[in-house]
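Following: one structure in structure tokens, then a few remarks.
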Amino acid sequence: MDETNKLIEQRRQKLEALRQQGIDPYRNNFSPDTSCAQVRDNYEEGREVRAAGRIAAQRIMGKSMFVHFTDQTGKAQFYASRNDLGDEAFATLKHVDLGDFIGVTGKLFTTKTGEKTIHITDYVLLSKALRPPPEKFHGLVDTEIRYRQRYLDLMANQDVKDVFLKRTRIISEIRKYLESQGYVEVETPMMQAIPGGAAAQPFVTHHNALGCDFYMRIALELYLKRLLVGGIDRVFEIGRNFRNEGLSRRHNPEFTMLEAYQAYGDYKSMMALVQGMVCHVAETVLGTLFIEHRDDDGNVIRTIDLTPDWRTVRYKDLIREKAGENWFDLTPEERRAGAVKLGAEIHDTDEDFEVTNAIFEKFIEPNLIQPTFVTHLPKELVPLAKISPDDPSTVEVFECCINGQEIAPAYSEQNDPIQQRETLEHQAGGEQQKLDEDFIVALEHGMPPAGGMGMGIDRLCMMLLGQESIRDVILFPQMKPLQNPQKKEAPEDAGK
RNA sequence: GGGUUGGUAGCUCAGCGGUAGAGCAGUUGGCUUUUAACCAAUUGGUCCAGGGUUCGAAUCCCUGCCAACCCA
């Protein structure tokens, strides 16, 4: 960010020189008719094209030159010679910089080495870059700059741009799939007086005119259920949730969530929805149901097979597999001791179901690489779901785990207002949360039986795109702000 | 919150007590089918910040800042 850098100074001087020549380096008088991808894919020898992009690399050879430029679709090459452009225009072109935007017109041809190229007859400088781009061969590696100045990352690293363009297509295909199933998309409040629908620490903000605090939402659930009450029978929202908790490879304070609710459905209909949707997305965006994850050297480290039908297994069976057949016949004290012996992290305040769940989270979930519906979770874990008739200690839910992460939980939604109040009051006592009375009132007006599901879009993208960090699927991940050097510390704060 | 690793030119990285280096990019010259173009010359630094040890610190020690990874 050095403002006195010599490279920047040189570019400013070039900018001035262009203006002296009567060239405005920021004027828009160019409409391309051909993208970089079309230079390759829509090739026809001698076809006249107009193309534009950012200069990525140039090879100057005396009286001619080759230049690679990029647009959203990728990279293309143009060829310029002094004979075609004239002395002055060619000399000016030799002095454009990497990073500048240029528009060119010319005819398509193929070089000796077989690259489809534009032989230009004219060009116009569209925007002068005053700072040098990252290095062309190694790209940009520094993670801090990649995240803080993502535009440089996108500019320098084609694979990064591909990931984000695919993320966009994934979300687009999710919408298409849900709409094809009759779901309608809505928007519900991000600022809520009582943050509900999950157990998580919220961010607090303040509304001046109303004179009260609001919370940034931690889930979409309670408002979408109000819409079921209102008669919108198939409803979904894709939007940001905010949780004031730790940052990690898998957690960003703001993250994107999909929630969908289907009146007259249940957790089983949600299974079909999740499986159908993920398969549709994988097939349309990636063209395959086999997802290969690679390490930095390009070796395949795991392959995820999304071919239906996915494995379905009960929570208790997975626990027994890991912790012993008699696990649920033990006393709570024996379970606690057993969990500690296995190496799970148990806190003194953990209740019995939390002790068991610690085993699930530490030893089972991380190993569920292939898509798995884990069903019949203990009712204490899920306060918004219906009790399973065949095992009243559990609820009618699943957690869909893929790639060692929970990607999508889904329930047969609790619609009994009296039972719902009891569970929420019990939870509110433990977690010191406020009870959303208006939500209960809505349930008292009658909510149809429904299946509901949530899906962590960032984690889904990690799984589908083979990214090991959530920061590599979020364009601008949360970073600690850099100290602004212009903001001087007050003297009395100097000790802090 | 704890641990590990890292921060050196615009970018990618060496150097790890004894005069701050390379490649790319930049500048100048040469070159009309190159593609990490090539050839020759050349510019460029608060070695993250602040203390300490030392005759001497980018290098060793301490503190702080930022980041990545692991753990909680």
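Values below: every heavy atom of this structure, side chains too, minus hydrogens, waters and symmetry copies. The chains referred to below are lettered A, B, ... by the order of the sequence lines, with proteins before strands, and numbering in each begins at 1.
- Contacts of G139(A) with the nucleic acid, taken as non-hydrogen atoms under 4.0 Å apart, involve only primed sugar atoms and P, OP1 or OP2.
- Taking atom C1' on both rU5(B) and rU19(B), the two are 31 Å apart, rounded to the nearest angstrom.
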Under 3.5 Å, which donor-acceptor pairs link side chains of residues 16-28 of chain A to any protein atom two or more places apart or in another chain?
| residue | atom | partner | partner atom | Å |
| --- | --- | --- | --- | --- |
| D24(A) | OD1 | Y26(A) | N | 2.9 |
| Y26(A) | OH | K128(A) | O | 2.9 |
| N28(A) | OD1 | F30(A) | N | 3.4 |

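- Checked against salt bridge (charged side-chain N to carboxylate O under 4.0 Å, His left out), R336(A) has no partners two or more places apart in sequence or in another chain.
- Toward the 5' end of RNA chain B, the nearer of the two residues H347(A) and V67(A), judged by each one's closest nucleotide, is V67(A).
- Going from the P atom of rC60(B) to that of rU12(B) covers 22 Å, rounded to whole Å.
- Here, rU46(B) and rG1(B) have their P atoms 32 Å apart, quoted to the whole Å.
- Judged as a side-chain contact (heavy atoms from CB on, under 4.5 Å), and not counting sequence neighbours, the contacts of S248(A) are R250(A), H251(A).
- Straight-line distance from the CG atom of L247(A) to the P atom of rC66(B): 13 Å, rounded to whole Å.
- Remark: P of rG45(B) and CD of E9(A) are 14 Å apart, rounded to the nearest angstrom.
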Please test Y79(A) against H119(A) for ring-ring contact (aromatic ring centres under 6.0 Å, His included), starting from the C-alpha separation and ending with a verdict. CA-CA 5 Å; Y79(A) 169 79; H119(A) 186 145; 5.0 Å; yes

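- When the C1' atom is used for both rG56(B) and rG18(B), the distance is 7 Å, rounded to whole Å.
- A heavy-atom distance below 4.5 Å is not found between the side chains of D458(A) and N252(A).
- For N42(A), the side-chain contact (heavy atoms from CB on, under 4.5 Å) partners two or more places apart in sequence, or in a different chain, are Q38(A), R47(A).
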Find every protein N or O atom lying less than 3.5 Å from an N or O atom of nucleotides 20-24 of chain B, and list the pairs.
| residue | atom | partner | partner atom | Å |
| --- | --- | --- | --- | --- |
| rG23(B) | N2 | E135(A) | OE2 | 3.4 |

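- For T117(A), the listed nucleotide lying nearest its side chain is rU34(B); candidates were rU34(B), rG10(B), rU12(B).
- Sorted by first and then second residue, the salt bridge (Lys or Arg N to Asp or Glu O under 4.0 Å) pairs with a member in residues 285-294 of chain A read E292(A)-R294(A); sequence neighbours excluded.
- A donor-acceptor contact closer than 3.5 angstrom links the side chains of D472(A) and Y147(A).
- Every residue meeting the side-chain contact (heavy atoms from CB on, under 4.5 Å) condition with L7(A), not counting sequence neighbours, appears here in chain and number order: N5(A), Q10(A), P132(A).
- To the nearest whole angstrom, the two C1' atoms, one in rA36(B) and one in rG45(B), are 26 Å apart.
- In this entry the distance linking CG of D142(A) with P of rG10(B) reads 13 Å, nearest Å.
- The ring pair (Phe, Tyr, Trp, His ring centres under 6.0 Å) search around Y215(A) returns none, not counting sequence neighbours.
- A heavy atom lying under 4.0 Å from RNA chain B marks the following residues of residues 460-474 of chain A, by number: S469(A), R471(A).
- Distance check on atom P: rA58(B) versus rC39(B) gives 34 Å, rounded to whole Å.
- The distance between atom CD of E115(A) and atom C1' of rA36(B), rounded to the nearest whole Å, is 14 Å.
- The partner of rU54(B) cannot be assigned: no Watson-Crick or G-U wobble pair with both contacts below 3.5 Å exists in any strand.
- Base pairing annotation: rA68(B) forms a Watson-Crick or G-U wobble pair with rU4(B), both donor-acceptor distances under 3.5 Å.
- Judged by Watson-Crick or G-U wobble contacts below 3.5 Å, the nucleotide rC13(B) has rG21(B) as its partner.
- Counting to the nearest Å, the C1' atom of rC69(B) and the CZ atom of R249(A) are 9 Å from each other.
- Across the C1' atoms, rU43(B) and rU28(B) are found 10 Å apart, a figure rounded to whole Å.
- Spacing of P atoms, rA57(B) relative to rG50(B), comes out at 14 Å, to the nearest Å.
- If you measure from atom CG of L482(A) to atom C1' of rA49(B), you get 14 Å, rounded to the nearest angstrom.
- By the 4.5 Å heavy-atom criterion applied to side chains, F78(A) and V39(A) are not counted as neighbours.
- The distance from atom CE of M479(A) to atom P of rC66(B) is 11 Å, rounded to the nearest whole Å.
- Nucleic acid contact class of K362(A) (heavy atoms, under 4.0 Å, all strands): sugar-phosphate only.
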Letter by letter from the 5' end, nucleotides 26-33 of chain B scores (B base, S sugar-phosphate only, - none; protein heavy atoms under 4.0 Å) SSS--BBB

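- Separating the CG atom of N252(A) from the P atom of rA68(B) is a distance of 11 Å, rounded to the nearest angstrom.
- Judged as a salt bridge (charged side-chain N to carboxylate O under 4.0 Å, His left out), and not counting sequence neighbours, D122(A) has no contacts.
- Listed by chain and residue number, R240(A) satisfy the salt bridge (charged side-chain N to carboxylate O under 4.0 Å, His left out) test with E254(A) (two or more places apart in sequence, or in another chain).
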